[in-house]
Amino acid sequence: MLTERSKLSKKSNGELSIKDTLMTKIHNKSAYVAVFGLGRVGLPTAVAIASQGYRVIGYDTNKNITRCVSNGINHINEKELTDRIKKLLKGNLFTTTIHANNAVRESDIVMICIPTPVNEFRKPVFNHIESVCRIIHNNLNNNKLILLESTVAPNTVKGLVLPLLENGKWKCGEHFLLAYCPERMIPGRALTEFINNDRIVGVDDEQSASVALEFLRQVTKGKISVTDTISAEITKLVENTFRDVNIALANEIALICEKLGVDVEKIFKLANTHPRVNLHKAGPGVGGPCLPKDPYLLLSSKQQGAKSSIIAASRELNDYMPEHVAELSISEIERTGKSVKRSKVVVFGVAYKADIDDSRYSPSEKLIAVLKNICTEIRVFDPYCDESFGAIKFNTMQEAVKDADCIIIVTDHTIFKNLDLSKIKTLMAPNPIIIDGRRFLDQEEVENQGFIYKALGRGRIING
Ligand code: SAJ
């Protein structure tokens, strides 16, 4: 056991090496952990680590979030999180601060869980990371392990984080250790996924490797693969780009199927019987804080002159999907002979995916923006989200559909799978339309109830 002092290596002046100092603190759980960013990644991360017996201090630039969390109020709709936060606050294992300097000074391990957006030109914005690195540099009062969890453009650790942390004063390996361990948790199951998922750790020196690995082993249960920092950065981006490109493929096939009068779902089911084919799902677009942005972080390293077209084309296609859903809706309204301008359209779902309250970069945002230019009254119904993207928000489905001409199912919330069609029909205006962005409903059943029905990726079925 490394905790035995006899086995600890000492520097020439008799002090313990940075590696052994941190290893000891990690083993006996006396290491204090600061988590920068208490969002959908940082908060579950802080809670998961504090639950393992480490003292965690959370910091967020948004003072409102810090205040809520310190009062046990969870701003994230995650199972278990609220109860755990209250318990940890009570047990003094988790505290928050509005003073970034203190958070660094009081900690042995600093975890960075902050956003890494792209700008209007789809280039990475580094100010958040730069600012945290400067704060750490200015408050490096003892040996620390710095763990970057945020998704970043290739070479951010070596080219930006490391120089900012050292900045002529400190040395990695001597005063601090540095590792990149991108998060892999899916919103909605963040706590469980933090603990159980396999992880990648990027490190460029042996000491950082040993200490980061040891810490992660203490707080997670999945398999950990160690590599260099740039490989870890690219791997993280590739994971989300893989998903985005595959969704784009599914969407492109859906558009083709619509034109050919077949059902994309049927085609995918047949194709997926091949042992090496596993198609993603076509839908009304790709949202969330990661997939719409991460492919651009990967492309931002294209200065090297690598030829690339699939990734950008996939992004464009996925970005086009909400527009396509708007086009489907408008053409169905026109077919009824109604005035599109005067039609009342209800968007079902503003969350970017099923059964969560997160509406960041949701396809509904663009869909509503397009429809608002054409129709006078756009309504939204989403029991999970407060957001309305400028449309009129209704709290019940009954109110939302009253006298409406068209419903558009955008989010794949489970509740939209089992709609009470006969009731909805009685509430809506004559010749009601349902545009099904998720192919949730059975065409025959919907049409038998007296609706006009159009599903994304499902042409007028002519061949069974
Ligand atoms: N979507 C489709 N078709 C599909 C799958 C998803 O249209 O077949 C849409 C969803 O409706 C949603 C969007 O894609 O709008 C993104 O959803 P998602 O579940 O693919 O991704 P996120 O952003 O919630 O989480 C992803 C995850 N990455 C991967 O699965 C590779 C998660 O593990 C990461 O931690 C997260 O990004 C992140 O933070 O990077």
Side-chain angles (χ1 to χ4, degrees), residues 37 39-45 76-78 113-118 148-153 180-200 222 232-255 264-265 268 272 278-298 314-315 317-322 324-325 348-367 382 384-385 409-414 416 437-440 456-457:
R40 286 172 188 273
V41 171
L43 187 55
T45 299
I76 299 168
N77 188 13
E78 289 274 339
C113 305
I114 56 170
T116 48
V118 292
L148 178 63
E149 295 256 325
S150 314
T151 308
V152 290
Y180 178 54
C181 45
E183 56 82 19
R184 271 181 172 171
M185 47 172 94
I186 201 123
R189 293 198 307 269
L191 210 48
T192 322
E193 291 215 345
F194 176 87
I195 295 161
N196 296 309
N197 283 1
D198 293 347
R199 298 287 291 263
I200 306 286
E233 290 165 333
I234 297 170
T235 304
K236 169 66 192 180
L237 295 171
V238 166
E239 289 164 11
N240 283 349
T241 304
F242 167 86
R243 208 154 161 77
D244 196 49
V245 169
N246 276 285
I247 297 167
L249 174 66
N251 284 337
E252 188 161 333
I253 298 168
L255 297 179
V264 68
E265 214 71 55
F268 283 8
N272 284 344
N278 188 10
L279 286 142
H280 279 57
K281 279 200 160 310
V286 170
C290 308
L291 267 60
K293 162 209 54 131
D294 291 353
Y296 292 126
L297 291 180
L298 186 58
S314 300
R315 274 283 70 246
L317 188 85
N318 288 337
D319 274 351
Y320 159 72
M321 292 311 288
H324 177 68
V325 175
F348 272 15
V350 291
Y352 81 87
K353 66 177 186 179
D355 304 334
I356 62 167
D357 64 350
D358 193 340
S359 58
R360 284 176 294 171
Y361 306 101
S362 170
S364 308
E365 183 171 12
K366 182 149 182 215
L367 172 67
D382 189 324
Y384 292 89
C385 295
I409 302 174
V410 179
T411 308
D412 42 353
H413 288 323
T414 313
F416 298 146
R438 300 284 177 171
R439 293 167 307 284
F440 264 9
L456 187 147

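Computation of the quantities below employed the complete heavy-atom set of this structure, encompassing side-chain atoms and omitting hydrogens, waters and symmetry-equivalent molecules. First listed ligand is number 1; within each ligand, the first listed atom is number 1.
- Using a 4.0 Å cut-off between a side-chain N of Lys or Arg and a carboxylate O of Asp or Glu, Arg184 and Glu239 qualify as a salt bridge.
- Looking only at protein heavy atoms, the nearest one to atom 19 (O) of ligand 1 is Lys353 NZ, 2.8 Å.
- Near Arg438, meaning under 4.0 Å from one of its heavy atoms, ligand 1 places the atoms 11 (O).
- Salt-bridge annotation for Arg40 and Asp358: present, with a side-chain N of the basic residue lying under 4.0 Å from a carboxylate O of the acidic one.
- Nearest protein heavy-atom contact of atom 8 (O) of ligand 1 is Lys281 N, 2.7 Å.
- No more than 12 heavy atoms of other residues, nucleotides or ligands lie within 6.0 Å of OH in Tyr361, so this atom counts as exposed by the packing criterion.
- If you check each of Arg243, Arg40, Met185 against atom 35 (O) of ligand 1, the one with the closest non-hydrogen atom is Met185.
- The distance criterion of under 3.5 Å between nitrogen or oxygen atoms is not met by Asp412 with respect to ligand 1.
- Of the possible polar contacts, one joining the His413 side chain to the Asp355 backbone as a donor-acceptor pair under 3.5 Å is found.
- Atoms of ligand 1 lying under 4.0 Å from at least one heavy atom of Glu239, given by number and element, are 31 (C).
- Taking the six-membered ring wherever Trp is involved, the centroid distance between the rings of Phe348 and Phe416 falls below 6.0 Å.
- Side-chain atoms of Asp357 never come within 3.5 Å of backbone atoms of Tyr384 as a donor-acceptor pair (strictly under, hydrogens ignored).
- Of the protein's heavy atoms, Ile186 CD1, 3.7 Å lies nearest to atom 25 (O) of ligand 1.
- Each of the atoms 16 (C), 20 (O), 21 (O), 23 (O), 26 (C), 37 (O) of ligand 1 lies under 4.0 Å from some heavy atom of Leu291.
- Counting only distance, with no hydrogens or angles, the side chain of Ser314 and the backbone of Asp244 share no donor-acceptor pair below 3.5 Å.
- Note: an N/O pair closer than 3.5 Å links Tyr352 and ligand 1 by distance alone.
- Using 4.0 Å as the threshold, Gly288 has no heavy atom nearer than that to any atom of ligand 1.
- Below 30°, between 30° and 60°, or above 60°: for Phe242 and His280 the angle between ring planes is above 60°, a perpendicular geometry.
- Interface atoms of ligand 1 facing Arg184, defined by a heavy-atom separation under 4.0 Å, are 33 (O), 35 (O).
- Every atom of ligand 1 with a heavy atom of His280 under 4.0 Å away is listed here by number and element: 8 (O).
- In this structure a side-chain-to-backbone donor-acceptor pair under 3.5 Å is missing from Arg199 to Gly222.
- At least one N/O-N/O distance between Glu183 and ligand 1 falls below 3.5 Å.
- Annotation: Glu193 places no N or O atom under 3.5 Å from an N or O atom of ligand 1; distance criterion only.
- In this structure the side chain of Tyr296 reaches within 4.5 angstrom of the side chain of Arg315, judged on heavy atoms.
- Close contacts of ligand 1 with Asn240, meaning ligand atoms under 4.0 Å from a residue heavy atom, involve 26 (C), 27 (C), 28 (N), 29 (C), 31 (C), 37 (O), 38 (C), 40 (O).
- Evaluated by nearest non-hydrogen atom to atom 7 (O) of ligand 1, the leading choice among Val410, Ile247, Asn197 is Ile247.
- In this structure a side-chain-to-backbone donor-acceptor pair under 3.5 Å is missing from Ser359 to Val350.
- Numbered from 1 in the order shown, with element, the atoms of ligand 1 that lie under 4.0 Å from a heavy atom of Cys290 read 36 (C), 37 (O), 38 (C), 39 (O), 40 (O).
- At least one N or O atom of Gly287 sits closer than 3.5 Å to an N or O atom of ligand 1.
- For Asp382, the salt bridge (Lys or Arg N to Asp or Glu O under 4.0 Å) test picks out no residue, with sequence neighbours left out.
- Within the 4.0 Å heavy-atom shell around ligand 1 one finds Lys236.
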